[in-house]
Student: 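Below is one structure. I have some questions about it.
Just so you know, ligand 1 is whichever comes first in the structure, and atom 1 is the first atom listed for that ligand.
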Amino acid sequence: MQSRREFIANSSRVAAAIAATGSAASPLTGCGRYAAIPAVMPASFHDVSGSRSLRANAARHGLVFGSAVIIHNVQTDPDFAELIAEQCGIVVPTNELKWVALRPAPDRYDFSRPDFLLSFAESHRMLMRGHNLCWHESVPAWIQTPENRPRARQFFIDHITTVCSHYAGKLQSWDVVNEAINPGDGQPGGLRKSFWFEQIGPDYIDLAFRTARAADPHARLTYNDYGVEYDNANNTEKRRLILELLRGMRQREVPIDALGIQSHIKAAQPDKIGKGLADFIEAIRQMGLEVYLTEMDVNEDDIAADDPVKRDSIVAQTYADYLRIALASPAVKLVLTWDLSDRFTWLDSGPTHHRKQPNRPQRSLPFDRDYRPKDAFFAIRNSFDNRPEL
Ligand code: XIL
């Protein structure tokens, strides 16, 4: 197995060999003056860095590409840090800005890890976004005690004000409210019966956005959700409810700049991605909002075959099909995967995965567990390159 360092060394040798032929135009043809270069090279020998990175290819097509990262991994694994700096134009902390991580006690904030990531991002000329200020998960136990519960609204305002002020002017965007719609809860507008909904009331969403804008006028304020990608009944209903929510916010002059579509998609999924998503993105564009693909990955635990070659090819095709629809709209400005390497994917810890494929680590992301690029990398990069001129 080739390690990442060997891969980089090999890539540079190949690049040098290509340069020696006098042209990098078509290094893989294996004929004529390229005869010195093997006709068929494994994908891992392609040059995937510098001008051929996801970051650079995205930038050439009006996009910023990036990834969620578990900050500890950047701090402790230099190869991973290098991979992130090479491939990403933007990063987002996976968990470290969520309430439970950031606010261990009512009077204590721990900004150390996200501050580290911000300086790492700045030193590599990457942007950073924030995730998230408000979610039904990651609600600390201390706020749910009988004595603190009634003070939830004040804690909420203080939290958003403190966190947004801490990073004011430094973040590209904030996921202000995450996953607020869940029609199954039977509330008006399909609002989820979260802790915040129950303690503050349905206007907690407006309150979050207004408070965030007051503390940081520069970050693009985003509503982020999942379950809107497919042409099926559930996703259609969720799209309708999100549009209703966002239109209402617009009417009430609540400050909002973007919709985040999480983009957790599935391989081997019978439902299609097509007109529903395209029309949805167009409706968001017409409202004057940007669209960010915030947490893209491909869950492949429905693929029956174990063969990694086959799985990689299906995963890659799933990315290609999704991005062909999503990137057709000029409203889409950011594309982030939910981590960059299979080594750190959250999908391996999901209950569904344990039921379906307990012994099979997911091959969901552009880079494998040893940080080598997979078919998914090339599919995503091609999708950027094939983006229609906008
Ligand atoms: C996930 C993280 O990846 C996990 O490490 C954590 O245990 C739970 O949260 N939608 C979101 C993200 O908005 O915050 C979630 O991240 C994945 C689903």
Side-chain angles (χ1 to χ4, degrees), residues 66-77 80 84 88 90-104 110 113-114 117 128-141 159-160 163 171-182 184 191-192 194-197 205 208-209 212 220-230 234-235 238 242 245 258-266 291-301 322 334-354 361-367 369:
S67 176
V69 295
I70 295 164
I71 299 172
H72 176 255
N73 296 333
V74 179
Q75 292 173 312
T76 55
D77 181 342
F80 183 65
I84 292 294
C88 295
I90 187 165
V91 284
V92 61
T94 304
N95 292 314
E96 296 82 348
L97 285 170
K98 293 170 181 171
W99 273 70
V100 166
L102 195 62
R103 192 100 183 256
D110 181 1
R113 283 211 162 120
L117 188 64
M128 178 160 138
R129 63 189 314 268
H131 173 84
N132 53 53
L133 296 168
C134 168
W135 190 27
H136 64 284
E137 289 186 32
S138 201
V139 178
H159 182 89
I160 295 175
V163 177
L171 300 188
Q172 180 273 338
S173 57
W174 262 114
D175 287 334
V176 179
V177 175
N178 194 34
E179 305 181 350
I181 305 268
N182 191 35
L191 291 188
R192 185 188 292 274
S194 65
F195 175 81
W196 304 114
F197 175 88
I205 299 175
F209 279 84
R220 315 286 280 160
L221 303 185
T222 307
Y223 174 74
N224 193 49
D225 215 332
Y226 66 93
V228 298
E229 296 84 0
Y230 288 94
N234 283 344
N235 282 214
K238 196 143 174 190
I242 290 177
L245 171 72
L259 171 74
I261 299 178
Q262 289 187 5
S263 314
H264 296 294
I265 50 178
K266 282 171 180 276
V291 174
Y292 305 153
L293 312 182
T294 50
E295 306 182 14
M296 188 170 69
D297 56 15
V298 175
N299 187 328
E300 52 101 359
D301 64 12
Y322 179 65
L334 302 182
V335 178
L336 291 96
T337 48
W338 204 241
D339 218 295
L340 206 51
S341 159
D342 291 338
R343 185 184 294 206
F344 305 122
T345 179
W346 71 301
L347 294 170
D348 280 345
S349 46
T352 336
H353 186 68
H354 286 299
Q362 295 244 15
R363 301 183 62 85
S364 304
L365 290 163
F367 289 84
R369 302 176 73 82

Student: Which heavy atom of the protein is the closest neighbour of atom 10 (N) of ligand 1, given with residue, atom name and distance?
Tutor: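 That would be E295 OE1, 2.9 Å.
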Student: Taking atom types as modelled and ignoring hydrogens, do the side chains of Q172 and Y292 form a donor-acceptor contact shorter than 3.5 angstrom?
Tutor: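 A donor-acceptor contact under 3.5 Å links the two side chains.
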Student: Enumerate the side chain to side chain donor-acceptor pair (under 3.5 Å) contacts for residues 335-344, please, sequence neighbours excluded, ordered by first and then second residue.
Tutor: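 Of all non-adjacent pairs touching residues 335-344, those that pass side chain to side chain donor-acceptor pair (under 3.5 Å) are D342-K374.
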Student: Just jot down the side-chain contact (heavy atoms from CB on, under 4.5 Å) partners of N235, sequence neighbours excluded, or say none.
Tutor: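 Here the qualifying residues are E229, Y230, N232, R239.
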Student: How close does the nearest protein non-hydrogen atom get to atom 6 (C) of ligand 1, and which residue and atom is it?
Tutor: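 Going atom by atom, the protein heavy atom closest to atom 6 (C) of ligand 1 ends up being N95 OD1, 3.5 Å.
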Student: For ligand 1, which part of N178 has a heavy atom less than 4.0 Å away: the side chain, the backbone, both, or neither?
Tutor: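 The side chain, only.
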Student: Under 3.5 Å, is there a donor on one side chain and an acceptor on the other for Q262 and D225?
Tutor: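 Judged by distance alone, the side chains do not pair up.
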Student: Looking only at the side chains, is there a donor atom on one of H159 and R103 sitting less than 3.5 Å from an acceptor on the other?
Tutor: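 Yes, side-chain donor-acceptor contact under 3.5 Å.
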Student: Give a yes-or-no answer on whether the side chains of D297 and W346 include a donor-acceptor pair shorter than 3.5 Å.
Tutor: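 Per modelled atom types, D297 and W346 side chains form a pair under 3.5 Å.
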Student: Hey, is W338 one of the residues with a heavy atom under 4.0 angstrom from ligand 1?
Tutor: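 Judged by the 4.0 Å heavy-atom criterion, W338 does count as contacting ligand 1.
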Student: List ligand 1 atoms under 4.0 Å from T94, heavy atoms only on the residue side.
Tutor: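 What qualifies from ligand 1 is 2 (C), 3 (O).
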Student: Once you restrict to heavy atoms under 4.0 Å, what part of Q262 touches ligand 1? Side chain, backbone, both or neither.
Tutor: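 The answer is the side chain.
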Student: Check each atom of ligand 1 against the heavy atoms of H264 and keep those under 4.0 Å away; list them by number with element.
Tutor: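 By the 4.0 Å cutoff, the relevant atoms are 18 (C).
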Student: So, 4.0 Å and heavy atoms of E179: is ligand 1 close enough to count as a contact?
Tutor: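 Yes, E179 has a heavy atom closer than 4.0 Å to ligand 1.
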Student: How far is atom 9 (O) of ligand 1 from its nearest protein heavy atom, and which residue and atom name does that atom have?
Tutor: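 Looking at atom 9 (O) of ligand 1, the protein heavy atom closest to it is K98 NZ, 3.1 Å.
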Student: So, applying side chain to side chain donor-acceptor pair (under 3.5 Å) with S173, which one of R220, R129, H131 is it?
Tutor: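 Between S173 and the candidates, side chain to side chain donor-acceptor pair (under 3.5 Å) is satisfied uniquely by R129.
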Student: Does the N or O separation between H131 and ligand 1 drop below 3.5 Å for any pair?
Tutor: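 Such a contact does occur with ligand 1.
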